[in-house]
Structures are given as C-alpha cells and as structure tokens.
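Below, chain A is the first sequence line, B the second, and so on; all start at residue 1. The basis for the numbers below is simple: all heavy atoms, side chains too, and nothing from hydrogens, waters or symmetry mates. These numbers come from a predicted model, not from an experiment.
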Amino acid sequence: MLNSRISSLEEGSLRQFHTQRAFPLNIHPPENQESSRRSSDWSISKSNSLAFIMDLNYKATELSLALPGTDDLPEMNTTTTSTPIKTNKRGSPEMGPSETDQSRSTPQAKAQVVGWPPVRSYRKNALQGKKVEPEMGSGMFVKVSMDGAPYLRKIDLKVYKSYVELMKSLEEMFSCIIGLYNENEGYKGSKHAATYEDKDGDWMLVGDVPWEMFVTSCKRLRIMKGCEARGLDL
Amino acid sequence: MVYSLPEEVLEHVFSFITSDKDRNVVSVVCKSWYEIERWCRRKVFIGNCYAVSPAIMIRRFPEVRSVELKGKPHFADFNLVPEGWGGYACSWIDEMSRSYPWLEEIRLKRMVITDESLELISTSFKNFRVLVLSSCEGFSTDGLSAIAANCRNLRELDLQESEVMDLSGHWLSHFPDTFTSLESLNMSCLGSEVSFSALERLVAMSPNLKTLRLNRAVPLGKLSTLLQQAPQLVELGTGAYSSGIRSDVYSALSKAFLGCKELKGLSGFWDVDPSYLPAFFSVCSRLTTLNLSYATIRSPDITKVINLCPNLQRLLVLDHIEDSGLNALALSCKNLQELRVFPSDMYVADANVTLTEQGLVSVTQGCPKLQSVLYFCHQMSNSALITIAKNRPNLTCFRLCIIEPRTPDYLTHEPLDIGFGAIVKHCKNLSRLSLSGLLTDRVFEYIGTHAKKLDMLSIAFAGDSDLGLHHVLSGCESLKKLEIRDCPFGDTALLANVAKLATMRSLWMSSCAVSIGACKILSRKMPMLNVEVIDENGTLNPKLDNCLVEKLYVYRTVAGPRSDMPGYIWTMDRDSANKI
C-alpha cells in the first residue's frame, strides 16, 4: 500500500498537490512557489545583508550628543538578542557586569530569525556579555614618534586601561621620563611631553580628556622635547 | 514442559543487563520473564515525559531506584517552544514520593521543576543520591537549600545550564557539618556569588569530591584555595579566569594545579586573561576533556594549549580556534573523539576569525577516532563534505550549522546535496545528523536511501517539496526524532507516512506547510499519537481546514492527551476547550 502511495506521489498527485496548494493570506514563511522560492529567498537574505552593511556605516556618521568613546561599540558588534524578551530573563540578574552591555547592543537592520543559529540562550547570553570587550586581534595601533629618535614605534592603545599604564609603557619604550602634565606644575622634572594628533588633525596634550575619549580620538602620538611642550602652558 | 531456571537465578542474571534496550528485549521473551524483569528493573529512562504517565511507570516497575525524564522538545533550546508549554516534573515527583521510597537518582532534562518539588524530593527519599537538572527551570536557590539541608547521602548535584532564580548564595551553607558524601557538584549556571566560605567548607569536608564546576562569580584568586583542598579532583570547571595583573594569584594557581594529579577534564574559563593560561599547563598532558567554549581567547593561545594536550578526547571551543588551531589539533590530538566548535559572533562572519571548512577537513583527516562533530561556520563546499565523509566513515554524529540559511557551496554555488549525500553514504553508523546550507529534495533522497541507522535528524530551511519529507519518513528505518523548521513540507508527506510516526518518539514541525485539516486526519487515523498544534499568535482558525499551522508537535503515547496543555495548544481531544 505504501508503494502505491509512493508512486502516486512521484507521478500524478504531486502535480495535483502543487495546484491544490493555494496559500491563504495568513501563512508564515516559507512563502509560495517552490521553484522561485529558493532563488528569491536567497536574494532576500542578500538584500538584508546590504541593508545591514549600510546600517553599519550609518552608525558611524550618526550625530549624537554623547562624548566620543562613551558609546563605543566594537566594529563588528552585530550581536543582539533577537529572540523574544522572555529569554532575556537569564541575561539580567545572573550575568552581573554584562547587564549594561546587553542593553547597549544595537538592533540590526538585518531580519533576525528566531532561534537561528541554533545556539542555546544560555550560551548566547554568556557570550553577549563578552562582546563588549573589543577583540584583541583587531587592536588599535597608533604610531609613536619621539623627537630625535631615528625610527617610530607602534603601540596598541586597547591594551592599556589608563594614562598611567600608557605613560609607563612609553617611558620604557623610549627610555625617557615623560611626566604627566599637571596644571599647577606643568611637566615638572621632565624633559618630554606626550602629545597626540586627534581626529580633527589637531595636536593635543595627552591627559586632558577622559581615557576612553582619548583612545577613540587618538590617531598618532608624538613625544615632544620639553622646551617645545612648555609653549602649551597657559 | 520446559524446565525453567528459578526466579532468583533469572533475577541475578538480569541484574547484569543494564541497557534499557536489552532490558526491553528481555521483558518480551515470555510472561514470566516479563514479570521477573519488571520487579528487578532499577533504572528507567523516559525520553518523552508525556509518552507515559507516572502511574503506568510505577505500576509496571515497582522497585525503581533511578529515573531519567526528558520534557520539552529539543527546539526549546532555541526558543522555538513558547513559555508555559509544559514538561512539568511536579506530578512525577509527587507520585514517586509516594511509591518509590527507595529512589536514589532523578535526572531531568528540559523540564520545569518547582522549589516545592525539590523540597519534596529532599524529604521523601531517604537514600537520595543523585540530582541532575539539565536545562531545567522553575526553581530557585531555596529549593537547592532544601536539597542541601535534607539529603544526607547526596553524591551528585548537577545544575547543568538550568535557569535558577538566584535568591542567595547561602544555599551552600545548608549542607550540614556531617555531610561528607559529595562526589560531584556543578553550579556553573548560577549567576550570583555563592558564599565562598560555605563553598570552601563544603570542599574541605568532601574527600570523595571528583567533579567541581564553579560559576563565573568565583574569583580566580579563590580557585587555588579550593584546588589545594581538593587535589583529587578529576573534573574542574573554573570560575572567572582573570584577575588583573597579580603574580601572587598566578603562582598560587600554578602551584595548586601542579598538585592535581588526577585532573582529566577542564571547563569554565569565563572572562579569560591569556596571561593566566600557563598556570594549568602542568595538567594538560593528562587532559581528556577540555571545554574552552566560553573563553574568548585567540587562536595562538588556543593552539598553545592544544599542543600540550596529546590525550585530548573531547574538545569544545569557539571559532576563535580558526583553521590554524584546528590544524594543530589534527596534528597533536590523535585520540580526539568529539569536537564542538561554537560561533563567537552569531550573525556575521567576524573578519578577524578565519574559520572555514578547511579546519574541519583537517581534523577529520588527522584524528582517526573522531566520531562526533558539531561545527558552526560560514562557508562549506560539497568537495569538503565529500572529503570529510571519506576521511571519517566512523562518524556517528554530524551536526553542521552554516550560519546563513540556504548558503550554497561557496565554490560552485550548487546546493550541498551531494556533500551531505556523501556523509550519509559513507558514515554507515551515523545516528545523529543536522543539516544546513542550500539543500533540495535530492539530499533527502540520499538520506532516505542510505541513513539506515539514523536516530535523530534536524532540518532547517531546506527542501523543495513534500517529496523531501517523504524520503525521510519512508526511508530512515531507525528514525526516532525528527525536528524540522522552515521547510516546505506539508500534508501529503505527513499523511502518506502516518504509521511511521508511531514508531518514532516525536516529530516537530514549525513554519512548514502543514494544514489544520491534515492534523485532524492524522489525529483520527492515529489515536496512539498526540497531535499538538501550537498557535502562539492566536491566528489559527480551527474550522478552516487549509489554514496552516504555526508549529506542530506529534508524539506517540500510552497516556492519552495530556492535561496540562496551555491555551495556545489545539488538539483533537473531544473534551479539551481547544478542539480542532
């Protein structure tokens, strides 16, 4: 009996089945014509990718009142909890510091499919908390020049958590003493001052702005001789 | 008349038969064997808690010591099963508390269990030893307190990936001073801090402790203290694996690991600071299991670790391992049996992570004992799949997830039919398969023809027509679990294979093309199946036969329709409010 069913499937009734299947309006994906669906769905996902890429660029040029660096998300921060709110209950009380990071992740232009890729919420949430740390592989290398030195160096700003760490590292690198600028005392006891070129092309004294802001706006570093740096005193 | 062995002798012989399948075979030999066997069965595994009722289980097997139950469908792991679906352990615990006073072990997976049930467990079973709650929910640390306080002989408490309402870390303090039997504790899923002094005290008074999995909140500095108290550990899950720049923490940790001569398995590694990795290098040569799947360390660091672990049998890792790390794995770990590579970025290929199909090909080439693969990647080719199939015909579990749905062979732009076809053709003992990528009905023809030992199949965004589903249902003789999402499979294939469904544990179909009419026919034809239509959006009109169902879950049962269905489930049951 099963065999006859099979043969009828492969011959007549399959065709019959196709014409019978007029989908009512309230269907959910996958959509109608089998033959064109494959290619059309593929192009749907492709255009979604395009929208997604455009969305990334949009974010970079977006105007906002916040300080640069305060809302910094890593370049490929594409993770977001697309899944219904009910799954986030694992996210909140149990993941501690990652809470705030989850709430900051941006929704994407690309349509998220529920439950895809097939990764457990447990794992998704655990890794979401991780996403805030920029991947160390990408790094943020800037050139460092020192007046009088025959060649430049490069350092990864992401490695440091504060100005103190950065200065220590620079001092070691160039075997010099770079004091941190102090409003009252200037560069006391030091012959060099650290300056940096920011996004606008201006040369700024290292240490004025909050660390995060510095990291995102610093394009290159220059260690100036103290005598030149004193000109920056107000 | 045939002489038969005395009952006691048969019982003794049966006591050596532990596998469920063998036990089931024994029980159908004849009536007297059935009777003897049922009185001496000590362990019951129920793969679908709704397939049978507690009363039926208790009636048939009165002397059980260990029960294992599974509740929600597997796709519940990926949020496809709505809240309130079911899988309640309550009725099971209630009835077992009355009928199994000597119960020692309860293992639940994907079930909902309350604090009340936990308390009942802790007070009903005097010799209770093992509680495993895997991917469960519905309980809080209060329930754990009850277990801690009352289970005097507890050996194992495993909360693997459960969702626990974390009310306080003090539940650990409820273990009494006289409690010395603990062998295994897995609390890695707990979010907040546990009282460290209670933890330390517990470890100190558990000389038989073999497995300890800490949660993220246990700082690295404390780990060395614990390890010093428990150098006999065989399995360790660390907490957070970073501590700023603390050379004292590092050296203490290094020293502690040196003392752990029995350590075979490591996991945890939340928030890893790579500079602390070398602290555990001294145990690497003995490691058989390594779970780095929560460690966002880069390929060079991962490779360094792998090169030190020649005895590795099981590796779980993020795609940060990249092809280079997998090549190293293929060279170093000749005993590898299981590999799981998880995605670090769920949606878009991270430009800095080069994990491709090549990595998997290398591992299948270099690791002769490899049997089980779970691999998330962004690209695949038929030629790679064919190579994998030919390299590793001993694969028993092959789960490939190409992250973008319907991705074709990236070299030829063809569907991946022949690639997966090669897998099922060469891997004759394949029992679990998950498909992904661009696939037509063809691949299902291959699967139906060759995958004769396939037990579980997962399909997503694949196929062209009902023929695909029909190939699977009519060809896969051993198929027990089938889960399908977003495929154009519908009524014809389903109704042509109704008898098959009674030989399977369950069928899940969501976002497919099954109509209400077909569900009605299926229900009528197969009274031993529960046909549950899930209508979460409330758009279902049960009168309209060609209305498509959102989600469908069909399973065989001897317990009839269940009484705990939420309002969004529709069935054919005459008495239910939601009658289709």
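Shown here for A:Val114 and B:Asn79, the closest heavy-atom pair between the two residues is CG1-O, 4.0 Å. Heavy-atom minimum distance, A:Ala126 versus B:Trp270: CB-CZ3, 3.7 Å. Taking all atoms of both residues into account, the shortest heavy-atom contact from B:Ala460 to A:Trp116 is CB-CZ3, 3.6 Å.
Within a 6.0 Å radius of NZ in A:Lys143, no more than 12 heavy atoms belonging to other residues, nucleotides or ligands are found. Atom CD of A:Glu197 sits in a crowded spot, with more than 12 heavy atoms from other residues, nucleotides or ligands closer than 6.0 Å. B:Arg442 CZ: 12 or fewer foreign heavy atoms inside a 6.0 Å radius.
Only the backbone of B:Ile402 has a heavy atom closer than 4.5 Å to any heavy atom of chain A. Residue B:Ser293 touches chain A through both its backbone and its side chain, counting heavy-atom pairs closer than 4.5 Å. In this structure, no portion of B:Pro300 lies under 4.5 Å from any heavy atom of chain A.
Of the possible polar contacts, one joining the B:Arg485 side chain to the A:Gly115 backbone as a donor-acceptor pair under 3.5 Å is found.
In this view, B:Tyr375 satisfies the ring-ring contact (aromatic ring centres under 6.0 Å, His included) rule with no residue, not counting sequence neighbours.
Geometric assessment of A:Arg123 against the ring of B:Tyr294 yields a positive cation-pi assignment under the 6.0 Å and 45° thresholds.
Residues A:Pro117 and B:Phe342 are not in side-chain contact: their nearest non-hydrogen atoms beyond the backbone lie 4.5 Å or more apart. Side-chain contact between A:Pro118 and B:Phe75: absent, with no pair of heavy atoms (C-beta onward) separated by less than 4.5 Å. In this structure, the side chains of A:Arg120 and B:Ser135 come closer than 4.5 Å at one or more pairs of heavy atoms. The shortest distance between side-chain heavy atoms of B:Phe461 and A:Val113 falls below 4.5 Å.
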